[in-house]
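Let me begin by presenting the structure, written as structure tokens, before commenting on it.
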Amino acid sequence: MGKKIGLAAYLIDDPVQGALFFLGKKLAVKDSKGNIAGIIVETEAYGGAEDKACHGYGKRLTPRNKIIFQQGGITYVYFCYGMHHLLNFVLGPEGVPMAVLIRGVIITEGKELVKQRRKGNPEHHWADGPGKVTKAMGITLADNGISLIGDRIWVEESGLEVPDSEIERTPRIGVDYAEEWAKKPLRFVWKQAMQRIMPSLINASSSSLNKDRVKTACSPTTH
DNA sequence: CTCTCGATTAGCT
DNA sequence: GCTAATCGAGAGA
């Protein structure tokens, strides 16, 4: 097991910095049936200023969102669309709602267990979405609010270097209701992750990974 | 491969 | 009541 990332990394007050920092890092979960780990390849930044898509927007405190107001370094797991759990890392000082949503992971350890959990799905779709990440890694509401420096869920320093040129920035997914905040480019995808980490899966996966779900700026070139 | 649509329920108004 | 930081099946190409 590699060295855990310490508390200081979670106490930053900029969710964008956090979303970038965790790309390429190894996320690990200790399960009674064995450890599962993978490289984080997609994140979204929430919070800061007046982010209307953040569950802590307006500083309304509710039973669901109270965790996101706590000091960074813990998980924020919540139940979404009636059937999915979504994993966030809480950032920042107490009282400030900030988090990074973990949207995609490439599983590198504990594959046998994940294969069972994600039965019926090809490997490149094991954890390529926020609901799939938690399902593959066995994360549920029981993990809400636990320490990320503990022995159940943690992030390791031994990550991979992610070149800036391989990071794609797009608006966040599924937050159309957030008015002007819906369009802000706060989603980060490590485009070349699969070929860097699991090149053997490229053949099987063709070109569907990292597709643009959201239109990006038009190219100013040609014509 | 892409697109559409139904599933299913906690949390809020 | 209504909506939601989504997924996967099914149909068409």
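Naming convention: chains lettered A, B, ... in sequence-line order (proteins, then strands); numbering from 1 in each chain. The analysis underlying the following values was restricted to heavy atoms, covering all of them including side chains, and did not include hydrogens, waters or symmetry mates.
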How do A/Y177 and A/R118 order along DNA chain C: which one's closest nucleotide is nearer the 5' end? A/Y177

Scan every strand shown for a Watson-Crick or G-U wobble partner of C/dA13, both distances under 3.5 Å, and answer none if you come up empty. none

Determine if A/Y81 stacks with B/dA7; use a centre-to-centre distance below 5.5 Å and an interplanar angle below 30° as the criteria. no

Within this structure, what is the OH-to-P distance between A/Y76 and B/dG11, rounded to whole angstrom? 9 Å

Assess, by modelled atom type and distance only, whether the side chains of A/E156 and A/W154 contain a donor and an acceptor separated by less than 3.5 Å. yes

Check the distance between C/dA5's P and A/Y46's OH and give it to me in whole angstrom. 7 Å

With the side chain defined as heavy atoms from C-beta on, A/T62 is closest, among C/dA4, B/dA10, B/dG11, to B/dG11

Distance check needed: C/dG8 P versus A/K135 NZ, whole Å only. 6 Å

Could you go through A/R118 and A/E123, starting from their C-alpha distance and side-chain angles, then the distance that decides it, and tell me whether this counts as salt bridge (charged side-chain N to carboxylate O under 4.0 Å, His left out)? CA-CA 9 Å; A/R118 301 287 295 126; A/E123 185 168 346; over 6 Å; no

Test salt bridge (charged side-chain N to carboxylate O under 4.0 Å, His left out) applied to A/E44 and A/R103, step by step: CA-CA 7 Å; A/E44 280 179 3; A/R103 290 190 57 91; 3.5 Å; yes

Separation of C/dA9 P from A/N121 CG (nearest whole Å): 7 Å

Kindly state whether the ring of A/Y57 and the ring of A/Y46 have centres lying under 6.0 angstrom apart. no

I want to check one thing: is the phosphate of C/dA4, taken as OP1 and OP2, less than 4.0 Å away from some side-chain N or O of A/R64? no

DNA chain B: 5'-proximal contact among A/P63 and A/H84 (nearest heavy atom): A/H84

Grab the CE-P distance between A/M83 and C/dT6 for me, whole Å please. 12 Å

Mate of B/dT8 across any strand shown (Watson-Crick or G-U wobble, both atom pairs under 3.5 Å) is none

Starting from C1' on C/dT6, measure out to CZ on A/R187 and report it in whole angstrom. 13 Å

For A/N65 and C/dA4, give me the distance from atom CG to atom P, rounded to whole Å. 16 Å

For A/Y57 and B/dT13, what is the distance between atoms OH and P respectively, to the nearest whole Å? 13 Å

Watson-Crick or G-U wobble partner of C/dA5, both distances under 3.5 Å: none

Over 60° means perpendicular and under 30° means parallel, so classify the ring planes of A/F79 and A/H85, tilted if in between. tilted

Under the 3.5 Å rule, do the base of C/dA5 and the side chain of A/H55 count as making a donor-acceptor pair? yes

